[in-house]
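What follows is a short report on a single structure.
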Protein chains: 2
Amino acid sequence: MARTNRELDRDQKREEILRAARELFLEHGYEGTSMQRLAARVKVAPNTLYWYFADKDALLIGVMKRVVQAGLGEYERRRGTALDAQVRWMLGLFWETRTLIATVHNRAQVSSEVRAWHDTAHRMIEKAIEAELRSRGLANGHEVAAARIMSFIAEGVVAHQSSKAEQTRIVRLLMHLLRLDVDDGALR
Amino acid sequence: MARTNRELDRDQKREEILRAARELFLEHGYEGTSMQRLAARVKVAPNTLYWYFADKDALLIGVMKRVVQAGLGEYERRRGTALDAQVRWMLGLFWETRTLIATVHNRAQVSSEVRAWHDTAHRMIEKAIEAELRSRGLANGHEVAAARIMSFIAEGVVAHQSSKAEQTRIVRLLMHLLRLDVDDGALR
DNA sequence: GCCTCGTGTTGGACGGCATTCAAGAGGAAC
DNA sequence: GTTCCTCTTGAATGCCGTCCAACACGAGGC
């Protein structure tokens, strides 16, 4: 794709806008970032943004697609590493983007496009968690529900800004419970 | 309180505004409810609302205070009933007010007043969950972390509009894990 | 009965927001 | 050189939350 110079320019500009949007959303929040302000950052008239994106929600989806894709790519490289390192890494990633995550959940209430993207993103992330559980024999037979629970807990932890100490306590308890489940399975 | 007729009128009007705000927030969402619209519902000029409430977030907090207080009151009446009935009831309550819950989490990012109220509300709710866990000997020694996890899961379930079937699977898994923990404690 | 004063209420304005429209610039293709 | 599509823009629209200054009203003191 992007055969002609024209299409190349267009894609570059799109990416530039998305990069600026990600920075501003993270720094000032979604509602705190006006299209005006974003346009000024990219040195362009506000209306120009609407040639590249249908509306502000489309911009949010564009930003999030790249964030999640980058996250899943990084995960591929971390496959097979220690479980608690993976958990810590995932919580760190969620933490850095917590304002974006909160915004997606808010906009998903209103925009069906955001909701649709949010749902598929959850599916992808939870598939990855399920795979990790399965490869370790954890939550045997309940991998799907366990993955869902884990994603809810991860979102809760970052949304509520739990301290490092609390994060550790929560993760430890969860791991403790999942290990008991393994032992229980072994006995039966 | 509310000694004079004057103060009685004021309190009545305040309550009337809060009742209308709750209805509109639930029906059209927080952002979908303009001060204009709310004022029209109460048959009053938009500015009048600002005599009773500092700003829109104060209105949100006022609505939520009443919702949570009513919920905790109802909980007192349900103390000692079966655990799964309590869980189902709590999820139902969260479900009915899910748009309000989502809004609080969104505004808490921006408004320190909303954040402060949100934090104390969580504390109250989790204290109640802890008490239930303790009275049943569940999550022995990890009651605080377990209560936190349970509140995160409850919020996740309603925010992500899990189906009844999925809710059942998630609750069942969690209960299963907590019971294993009890058996483990008994053996040691 | 009148006046004062604090309690409510209002019209009108302000600045900011996302978004739209119609007009235009610029360059590639013929 | 002209056409035509891609991209950009200034200006406007209709919302929004909030503020200010003026005004109504009724209770309490005289």
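These figures come from a predicted structure and were not determined experimentally.
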(request) In whole angstrom, give the distance that lies between atom CG of A/Asp57 and atom C1' of C/dC17. (result) 14 Å
(request) Starting at atom CH2 of A/Trp51, determine the distance to atom C1' of C/dC21, rounded to an integer number of angstrom. (result) 17 Å
(request) Look at the side chain of B/Lys56 and the backbone N and O of B/Thr33, then say whether any donor-acceptor pair between them is shorter than 3.5 Å. (result) yes
(message) List the residues meeting salt bridge (charged side-chain N to carboxylate O under 4.0 Å, His left out) with B/Arg66, not counting sequence neighbours, and say none if there are none.
(response) B/Glu15
(request) Calculate the interatomic distance between B/Lys13 atom NZ and C/dG8 atom C1'; express it in whole Å. (result) 9 Å
(request) Take the protein atom OH of B/Tyr52 and the nucleotide atom P of C/dG8, then report the distance between them rounded to whole Å. (result) 6 Å
(request) Quickly work out the B/Asp9 CG to D/dC25 C1' distance and round it to whole Å. (result) 12 Å
(message) When you measure from the side chain of A/Glu143 to the backbone of A/Gly141, do you find a donor-acceptor pair of N or O atoms at a distance under 3.5 Å?
(response) yes
Please list every donor-acceptor pair under 3.5 Å in which a side-chain atom of residues 87-102 of chain B meets a protein atom from a residue at least two apart or in another chain.
unit_1  : atom_1 : unit_2  : atom_2 : d
B/Thr97 : OG1    : B/Leu93 : O      : 3.0
B/Thr97 : OG1    : B/Phe94 : O      : 3.4
B/Arg98 : NE     : B/Trp95 : O      : 2.9

(request) Starting at atom CG of A/Asp11, determine the distance to atom P of D/dT6, rounded to an integer number of angstrom. (result) 14 Å
(request) Output yes when at least one side-chain N/O atom of A/Thr48 is less than 4.0 Å from OP1 or OP2 of D/dT9, else no. (result) yes
(request) Rounded to the nearest angstrom, tell me the gap between atom NZ in A/Lys43 and atom P in D/dT9. (result) 13 Å
(message) Quick check on the hydrophobic clustering: are B/Met175 and B/Ile153 connected, directly or via other members, by side-chain heavy-atom contacts under 4.5 Å?
(response) yes
(request) Using whole Å, report how far CZ of B/Phe53 lies from P of C/dG8. (result) 13 Å
(message) So if I define the base as every atom that isn't primed, P, OP1 or OP2, how would nucleotides 12-17 of chain D read as a B/S/- string at a heavy-atom cutoff under 4.0 Å?
(response) ----SS
(request) Kindly point out which of C/dT9, D/dT8, C/dG8 is positioned nearest to the side chain of B/Arg10? (result) C/dG8
(request) Return yes if some donor-acceptor pair links the side-chain N/O of B/Ser151 with the main-chain N/O of B/Glu126 below 3.5 Å, else return no. (result) no
